[in-house]
Amino acid sequence: MSRRHLGIFTAAVLAAASLTACGGSGDDSASSPKTLTYWASNQGASLEADKTILQPELDKFEKQTGIKVTVEVVPWSDLLNRLLAAATSGKGPDVVNIGNTWSASLQATGALVEFDDATLQAVGGKDRIVPAALAAAGAPGKPPAAVPLYSMAYSLYYNKKSFADAGITAPPTTWEQLAEYGKKLSTGGKWGLAIEGANPSENAHHAFTFSQQYGGEWFDSAGKPTFDTPQNVSAIKRYIDFMAADKITNPSNAEYAQNQSVSDFANGKAAMLLWQSAGSNLKTQNMPADAYGVAPVPFLASPPAGGKKVNSMVAGINMAVFKHTKNKDGALSFVKFMTSDEEQTILNKTYGSLPAVKTAGADPAFSATEQKTIQETLVTTAAPLPQVPEESTFETLVGTAMKELFADAASGKPVTEASVKAKLTDAQQKMR
């Protein structure tokens with residue numbers, strides 16, 4: 001990793017220092033082999049909902065092993081900075097959830113236990129894991145830095161009643177249709193599409209997908225950033241324009257970073273949502289499954305030369321162990337427990353995601369429309385984000401640039417190709 005990238009990591013660490021101090025350092029586990037600290041990512045409707053879901057499973061693990069697991073659910077807006085702070089300081093939890101797109105970046109810090117063949121065997125064996133999920137668990141040519149826990153892909157969720165009331169008989173299959181339908185649906189204080197505009201990682205995921213459809217890439221074959229290419233400029237502008245030009249997204253969405261877009265959809269304030277495995281979250285917010293439909297994410301009607309048929313990144317959550325743990329055996333036992341057939345079935349059923357192990361996927365719960373749509377996307381039209389050390393920096397820089405563009409759109413400031421290019425050029429220069 002270059003000095004520049006280490007500098008960006010260091011800045012993230014400093015920004016997160018107070019968060020780490022408040023979040024539980026894992027020092028208790030250092031003094032006792034019968035305790036572990038675990039940072040879980042926010043998968044459900046709230047941090048408290050996740051604690052409620054996870055605690056019975058942690059209690060089960062304690063009963064089986066005698067090891068008590070103290071969990072903190074960390075919001076996505078804080079998680080990457082918290083992880084980088086823990087990686088750099090050597091102080092933090094024993095076991096963590098990480099977005100699978102961050103695997104190579106966190107691996108490059110040298111702070112994570114690598115899952116070589118022997119370590120994978122200790123947690124159940126490599127052959128149990130879905131190959132596509134394992135491919136997004138570390139840099140190519142190196143042992144995985146984590147083990148897949150939940151597998152996901154983006155889908156389009158749409159409110160059936162809102163569509164029927166607007167005379168729309170089927171979900172959009174192109175972005176042009178989505179914008180057209182969104183205008184019909186944006187009436188009476190309701191909006192066509194909910195967006196998480198202040199969440200850099202969420203923004204970066206869509207940046208990747210739109211770029212693929214426009215024939216763009218975020219890194220060249222040598223691993224150098226290519227942020228401000230014409231293809232990427234067009235891709236980002238298309239996404240921001242749902243708010244800026246099409247006006248099918250509430251300007252307040254420019255401030256959303258804590259799953260508020262899912263709540264707006266669940267509460268009927270928006271008719272469409274682009275999300276990963278939203279079903280369990282919607283159920284928690286009392287939106288019945290028959291109230292919404294699930295369809296593949298749209299494509300461009302007329303893709304330019306080089307455009308790819310990609311409508312999602314290979315999404316998922318991985319489970320990693322920090323090298324600084326004083327209870328490595330216990331941590332690996334916990335990873336084995338969480339990736340067991342029983343726990344994979346329980347947790348992925350609850351969250352509406354797909355198991356990362358082959359043997360758990362046969363459960364009928366994973367044959368519902370939502371899960372079938374996710375599975376079809378993962379098999380046919382999803383692509384992994386670049387597994388390069390700079391990936392997390394890309395998410396931070398490009399995702400923040402998009403956050404700023406959404407803020408411009410919300411304030412009524414024009415979002416032009418020139419303004420998009422300027423933001424991406426600035427982000428690219430910060431990578432060097």
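The structure displayed is predicted, hence computed values, not measured ones.
- Remark: Arg82 qualifies as a cation-pi partner of Trp39 under the 6.0 Å distance and 45° angle criteria applied to the six-membered ring.
- Within the 3.5 Å criterion, the main-chain N or O of Tyr154 finds no donor-acceptor partner in the side chain of Trp275.
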**Message:** For Asp426 and Lys430: C-alpha separation, side-chain torsions, deciding distance, then whether salt bridge (Lys or Arg N to Asp or Glu O under 4.0 Å) applies.
**Reply:** CA-CA 6 Å; Asp426 182 60; Lys430 290 176 181 177; 3.3 Å; yes

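- The side-chain heavy atoms of Asp363 and Lys349, taken from C-beta on, include a pair separated by under 4.5 Å.
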**Steps toward side chain to side chain donor-acceptor pair (under 3.5 Å) verdict (Ser103, Asn100)** = CA-CA 5 Å; Ser103 296; Asn100 65 355; over 6 Å; no

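- Smallest separation of non-hydrogen atoms from Lys247 and Ser186: O-OG, 4.1 Å.
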**Message:** Run the salt bridge (Lys or Arg N to Asp or Glu O under 4.0 Å) test on Lys51 and Glu72 for me, step by step, so that the C-alpha distance in whole Å, both residues' side-chain angles and the decisive distance to 0.1 Å come before the verdict.
**Reply:** CA-CA 8 Å; Lys51 288 182 181 179; Glu72 178 186 357; over 6 Å; no

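- The distance from atom CD1 of Ile195 to atom OG of Ser252, rounded to the nearest 0.5 Å, is 11.0 Å.
- Ser411 places a side-chain N or O within 3.5 Å of a backbone atom of Asp408 that can act as its donor or acceptor partner.
- Scanning both residues, Val95 and Ala331, for their nearest heavy atoms gives CG2-CB, 3.7 Å.
- Between the Asp94 side chain and the Thr37 main chain, a donor and an acceptor come within less than 3.5 Å of each other.
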**Step-by-step side-chain contact (heavy atoms from CB on, under 4.5 Å) determination, Lys183 to Asp246** = CA-CA 7 Å; Lys183 291 174 183 177; Asp246 302 317; 4.1 Å; yes

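- A donor-acceptor pair shorter than 3.5 Å can be found between the side chains of Ser77 and Gln258.
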**Request:** Report the C-alpha separation of Gln375 and Thr377 in whole Å, then their side-chain angles, then the decisive distance to 0.1 Å, and conclude whether the side chain to side chain donor-acceptor pair (under 3.5 Å) test is met.
**Result:** CA-CA 5 Å; Gln375 181 63 36; Thr377 296; over 6 Å; no

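- Within the 4.5 Å cutoff, the side chain of Ile98 has heavy atoms near those of the Leu83 side chain.
- Residue Gly197 comes nearest to Asn203 through the heavy atom pair O-ND2, 3.0 Å, listed as atom of the first residue, atom of the second, then distance.
- Note on ring orientation: taking the six-membered ring where Trp is involved, the planes of Phe394 and Trp218 are tilted (angle from 30° to 60°).
- Summarising the local packing, CD of Glu114 is surrounded by more than 12 heavy atoms from other residues, nucleotides or ligands at distances under 6.0 Å.
- Between the side chain of Gln212 and the backbone N or O of Phe208 there is no donor-acceptor pair closer than 3.5 Å.
- The closest side-chain heavy-atom distance from Phe163 to Pro172 is below 4.5 Å.
- When every heavy atom of Ala194 is checked against every heavy atom of Leu273, the shortest pair comes out as O-CD1, 4.0 Å.
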**Request:** Test side chain to side chain donor-acceptor pair (under 3.5 Å) on Gln344 and Tyr150 and set out the steps.
**Result:** CA-CA 8 Å; Gln344 281 283 286; Tyr150 312 128; over 6 Å; no

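- Looking only at atom types and distance, the side chain of Gln285 has a donor-acceptor partner in the side chain of Ser263 under 3.5 Å away.
- For Tyr239 and Trp175, the distance between ring centers is not under 6.0 angstrom.
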**Message:** Would Asp117 and Gln121 count as a side chain to side chain donor-acceptor pair (under 3.5 Å) here? Give the steps.
**Reply:** CA-CA 6 Å; Asp117 289 345; Gln121 193 60 40; over 6 Å; no

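- In terms of modelled atom types and a separation under 3.5 Å, the side chain of Asn267 and the main chain of Lys269 share no donor-acceptor contact.
- Note: Phe219 and Phe227 have perpendicular aromatic rings, judged against thresholds of 30 and 60 degrees for the angle between ring planes.
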**Prompt:** Can Val130 and Leu354 be said to form a side-chain contact (heavy atoms from CB on, under 4.5 Å), step by step?
**Reply:** CA-CA 10 Å; Val130 175; Leu354 295 174; over 6 Å; no

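- Here the side chain of Tyr157 pairs a donor or acceptor atom with the backbone of Ala278 at under 3.5 angstrom.
- Around atom NZ of Lys283, no more than 12 heavy atoms belonging to other residues, nucleotides or ligands sit under 6.0 Å away.
- Phe210 and Phe242 have perpendicular rings, their planes meeting at more than 60° on a 0 to 90° scale where under 30° would count as parallel.
- In this structure, Ile346 CD1 and Ser340 OG are separated by 7.5 Å, a value rounded to the nearest 0.5 Å.
- Among all heavy-atom pairs drawn from Val123 and Thr339, the shortest one is O-OG1, 3.8 Å.
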**Request:** Begin with the C-alpha distance, continue with both residues' side-chain angles, and end with the deciding distance and a verdict on side-chain contact (heavy atoms from CB on, under 4.5 Å) for Leu282 and Val262.
**Result:** CA-CA 7 Å; Leu282 299 174; Val262 183; 3.7 Å; yes

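- Taking 4.5 Å as the limit, some side-chain heavy atom of Leu347 sits within range of a side-chain heavy atom of Met338.
- Thr209 and Val310 get closest at one heavy-atom pair: CG2-O, 3.7 Å.
- Defined by atom type and a distance below 3.5 Å, a donor-acceptor pair is present between the side-chain atoms of Asp264 and Tyr256.
- In terms of modelled atom types and a separation under 3.5 Å, the side chain of Gln107 and the main chain of Gly138 share no donor-acceptor contact.
- Looking only at distances, a side-chain donor or acceptor of Asn232 sits under 3.5 Å from a matching main-chain atom of Glu217.
- No more than 12 heavy atoms of other residues, nucleotides or ligands sit less than 6.0 Å from atom NZ of Lys309.
- Side chains of Thr173 and Gln177: a donor on one and an acceptor on the other come within 3.5 Å.
- Atoms CZ and CD, on Phe334 and Glu57 in that order, are 10.0 Å from each other to the nearest 0.5 Å.
- Between Ile53 and Tyr351 the shortest side-chain heavy-atom distance falls below 4.5 Å.
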**Asked** Can you list the steps and then say if Asn42 with Asn259 is a side-chain contact (heavy atoms from CB on, under 4.5 Å)?
**Response** CA-CA 9 Å; Asn42 179 201; Asn259 297 0; 3.7 Å; yes

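- For the atom pair CH2 (Trp102) and CG (Leu84), the distance works out to 8.5 Å, reported to the nearest 0.5 Å.
- Not a single donor-acceptor pair under 3.5 Å links the side chain of Thr88 to the backbone N or O of Ala85.
- Checked by atom type and distance alone, the side chain of Lys68 never pairs as donor or acceptor with a backbone atom of Leu36 at under 3.5 Å.
- Annotation: the span from Thr174 atom OG1 to Tyr181 atom OH amounts to 7.5 Å, rounded to 0.5 Å.
- The side-chain heavy atoms of Leu134 and Pro144, taken from C-beta on, include a pair separated by under 4.5 Å.
- Annotation: cation-pi geometry not satisfied between Lys160 and Tyr292 (NZ/CZ under 6.0 angstrom from ring centroid, within 45° of ring axis).
- Atom-to-atom distance recorded for Glu395:CD and Ser105:OG is 7.5 Å, nearest 0.5 angstrom.
- Under 3.5 Å, the side chains of Glu391 and Thr393 contain no donor-acceptor pair of N or O atoms.
- Contact of the Asn311 side chain with the Pro298 side chain is not registered, since no non-hydrogen atoms from C-beta on lie closer than 4.5 Å.
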